[in-house]
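Following this message is one structure expressed as structure tokens.
The structure displayed is predicted, hence computed values, not measured ones. Proteins come first, then strands; the chains are lettered A, B, ... in the order of their sequence lines, and each starts at number 1. The basis for the numbers below is simple: all heavy atoms, side chains too, and nothing from hydrogens, waters or symmetry mates.
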4 protein chains.
Amino acid sequence: MQKITILIHCKDQKGIIAAVTDFIVRVEGNITYIDQHVDFEQNVFFMRLECELTNPNSNLTAIKNVFEQTIATDFNMAWEIHPKEQKLKMALFVSKYDHCLFDILGRYSAGEFNVEIPLIISNHWDLRSVANRFDIPFYCVPFTKDNKEEGEKQHLELLKKYAIDFIVLARYMQIITPKLISIYEHKIINIHHSFLPAFPGAKPYHSAFNRGVKIIGATSHYVTEELDEGPIIEQDITRVSHINSVEDFIMKGRDLERIVLARAIKLHAERKTMVFDNKTVVFS
Amino acid sequence: MQKITILIHCKDQKGIIAAVTDFIVRVEGNITYIDQHVDFEQNVFFMRLECELTNPNSNLTAIKNVFEQTIATDFNMAWEIHPKEQKLKMALFVSKYDHCLFDILGRYSAGEFNVEIPLIISNHWDLRSVANRFDIPFYCVPFTKDNKEEGEKQHLELLKKYAIDFIVLARYMQIITPKLISIYEHKIINIHHSFLPAFPGAKPYHSAFNRGVKIIGATSHYVTEELDEGPIIEQDITRVSHINSVEDFIMKGRDLERIVLARAIKLHAERKTMVFDNKTVVFS
Amino acid sequence: MQKITILIHCKDQKGIIAAVTDFIVRVEGNITYIDQHVDFEQNVFFMRLECELTNPNSNLTAIKNVFEQTIATDFNMAWEIHPKEQKLKMALFVSKYDHCLFDILGRYSAGEFNVEIPLIISNHWDLRSVANRFDIPFYCVPFTKDNKEEGEKQHLELLKKYAIDFIVLARYMQIITPKLISIYEHKIINIHHSFLPAFPGAKPYHSAFNRGVKIIGATSHYVTEELDEGPIIEQDITRVSHINSVEDFIMKGRDLERIVLARAIKLHAERKTMVFDNKTVVFS
Amino acid sequence: MQKITILIHCKDQKGIIAAVTDFIVRVEGNITYIDQHVDFEQNVFFMRLECELTNPNSNLTAIKNVFEQTIATDFNMAWEIHPKEQKLKMALFVSKYDHCLFDILGRYSAGEFNVEIPLIISNHWDLRSVANRFDIPFYCVPFTKDNKEEGEKQHLELLKKYAIDFIVLARYMQIITPKLISIYEHKIINIHHSFLPAFPGAKPYHSAFNRGVKIIGATSHYVTEELDEGPIIEQDITRVSHINSVEDFIMKGRDLERIVLARAIKLHAERKTMVFDNKTVVFS
């Protein structure tokens, strides 16, 4: 039985839920998951559904066409309908830190992520051996102040070649170029090693240590042009105390980074996030 | 504008959501909150809605009648419709521990609970002065092995006299009688000082200490005839270590008990819990 | 048997622990708690001990004198020795929010804090009735831009009259004057409703909501002249999501504020905090 | 400069700390970490120290001898002194679940564990490819009701051959034999997928789901003959709700198992745990 995922947002209006659920009934769909959210400040309605199409002759293209011409037009919706089993293609960008990379590839190998990882891109050669252990093509694309343009060109070629759907920066220590950001809008996930908006930018563990905080955190977010200011997908924290050195902060933080990034990847891969006005709606 | 809360559960079937949301539109309701849950194991559908009735002439009794005769009958629903502003009447049962009592009355005075507390019942006189501080009638109903029948009789009279909707056992150290439980089915909330099902029964902090656990917890649940086995509403935990004595466990546990009980009261008062098959659905 | 608490800090040197524990043996003390910390960055040694003086004829003044003339001089220590049972006198400053006040007075009445609360000071009359419920003298000291000097004068007189040891700002919505801060250096505890250093200043819940964070927090800290930049004593957080309004943030935050402030009061009252270089050492 | 770790426990007596710290001074040691704990119920004193031996001619064997003949004898101590840099040899036992294995090997490769992993033992061939990815010898030792004796014999031979110091059961689904437990007393670490003592034995996630708990947990502990009743090293939990299926419990639990087991390995490898009376002292 074909399963589909539907994502919708539009101006909040009376009758949307009734209209959508009614539509599903008409196309012989069986709703297995439905959640919705109204942002009353912005007056925006969000919805996520999963359905089984019980009629084996259902034609997804036809369904999409009817949806577009009826409901989507009536309510002026932004919408997406995807076959649920379709795996997104994910590119990994790394530099020299290997802990997030090992964690992602371990989870990938253990079948936890509903994605394909066709390649790993780095600005250094250091992690090639890790990529090799997991039999994933590894590309070293140098990326410095002086060769940003050439680097970006290579990135775009590789992403196109492998038909990449979204990008994960697993402690990739370079600023992403505006062009790449605009092509992959809300499709580049970064992990920042602080509970944003505290300690943006470089060396957050050192700043946290110097401030004497009692908790440290990590934040996964979509990359926008404003550094560390994109829509937050997930955050988590752990306790620290006066007995912890900055090296302890870094070590404890590694666990946070791993888990907060893994959760974000999972949410994005399962199409459970929607972005609006620099915030995320995260369906559970 | 009148606001109402609707709670529904029934066998899971196609078209329920469409039918319900359609009904709301017909009675000129504006849905401000909707959440639903399907228990696929039991094949049961749960739903909670909040609506504003935009027509000032709306008649709640009439709406209920139509609902009963149409949708509720069609889908064979168990359902409730309540005016949202109606405050539930809550009785507090206490013994000698005062920390939950102080917390509940402080929150009540600060306006955090949408309830009325017309009386406090205890099997001891010790906490009368606390009740007096907050100007709430205090009844001492002795309750021992030998006078359970007389005690239960007094309880029932007081609960009737004050038209009590639900009961909160704020560290009340007596077993509730089966008769009272059956009258107030899923309307008696207890706080147990462990993360159930670990350490049911007496002295859980001592048992936790002896076992050498690294986390302790508290559990709020609806009271059923099986001791500490009723549907769980909320749980939370805190970390302990080898440096903590059993007295430390008790002190740290007080904060857990307070907060886990307060959350359960809030959820029940706002009609955000539903019970099915000894489990709760807790709408957020 | 008399119990004492000893707090020490000095330049880290060889032999400190041996010298101190040896001293305790010599004065017939039985160590019941000992903890120490070395700040390797600053090269500072911190120590906290609790002892029972097993000789009923022990003279605390004499012990202090010997300590000062021997060890304290040898190692150039900053030190304090206090009788453990001595309760600190704590002044509460409040404005209009009552949730922290109710929580503190409830805990105080339930015997959780080893302090005396001789008075409550506010810049408004609103919370007088709460003070009355708990039979604590309440003083309204107006405090606006125009009468800061007069307000400060009254504060100082009241604090002197009641021999106040430390001050707790339980959501007191005014800036403390530099003079008061310098007199009560590291003896004024504030609760800020964010996980500092994120969202300092006014309206942190609104800022957190607008940023779309997935966790909110609260921070208790000693007040210094730099707003919200004093040494952090304790922090905690709770999860939020897109379904939460800013009002939900505020409501969830109340629980954080209560508990994070209560923990800081308890730590300070039990002399478990030491401040150095704008950070705290918090002994457990 | 040679670094050593000292672990001590003995009957609590006056003067232990003074004697030990004095000893360190005498052997030209510089204490870089010291922590102690007194179990007042059992009247037992525990201590852990890390020191640098500042004299390049220090002889560890000689130091141990003097320690044994003086302090250890005076106070009747159980004690250990280890060179800090010495890596423990750790054997991994697995069955078919790969998530803990991937996590441990990823952390091992990333340099997070101060151990050597000379071999992996399994009762199935399934995970050989994972071992191969990380270039670690993999042995399949069948282990069923009928061949326990033969299995145990092979285990003991392999553990001896590789000079294994401690064993980690990374979701190894077989009961360890009493003989192996007694040889590796408090040196076999298991991960159980519940917050013990709740849900011991098989299928804890299913039991947790059926009970309707709001939190699930994981527990790492030393293996003793009583199933799931050994000394607890570490526990952690995560929240679940009515929307989670038992498959969700299992998926969320994987993260708990990974992290709780990794923490236990790290603590054991750094000699930060001591066992007494079926409980652990865990130094931070």
Counting heavy-atom pairs under 4.5 Å with chain A, the top scorer among Phe195(C), Phe199(C), Phe46(C) is Phe195(C)

Would you confirm whether the ring centroid of Tyr184(C) sits within less than 6.0 angstrom of the ring centroid of Phe166(C)?
no

Would you say the side-chain atoms of Gln42(C) and Asp277(C) include a donor-acceptor pair closer than 3.5 Å?
yes

Could you check whether Tyr205(C) and Phe249(C) have their ring centres less than 6.0 Å apart?
no

Return yes if a side-chain donor-acceptor contact under 3.5 Å exists between His193(A) and Arg254(A), otherwise no.
no

Regarding His37(A) and Arg48(A), do their side chains bring together a donor and an acceptor under 3.5 Å, going by distance alone?
no

Heavy-atom cut-off 4.5 Å, strictly under: side chain, backbone, both or neither for Thr280(A) against chain C?
both

Residue among Asn278(A), Ile233(A), Ile232(A) with most heavy-atom pairs under 4.5 Å to chain C
Ile232(A)

Enumerate the side-chain hydrogen bond (donor to acceptor under 3.5 Å, both in side chains) contacts for residues 3-20 of chain A, please, sequence neighbours excluded, ordered by first and then second residue.
none

Count the heavy atoms of every other residue, nucleotide or ligand shown that sit under 6.0 Å from OH of Tyr97(A), and state whether that count exceeds 12.
no

For chain C, which residues from residues 207-230 of chain A lie under 4.5 Å away (heavy-atom distances)?
Phe209(A), Asn210(A), Arg211(A), Gly212(A), Val213(A), Lys214(A), Ile215(A), Asp228(A), Glu229(A), Gly230(A)

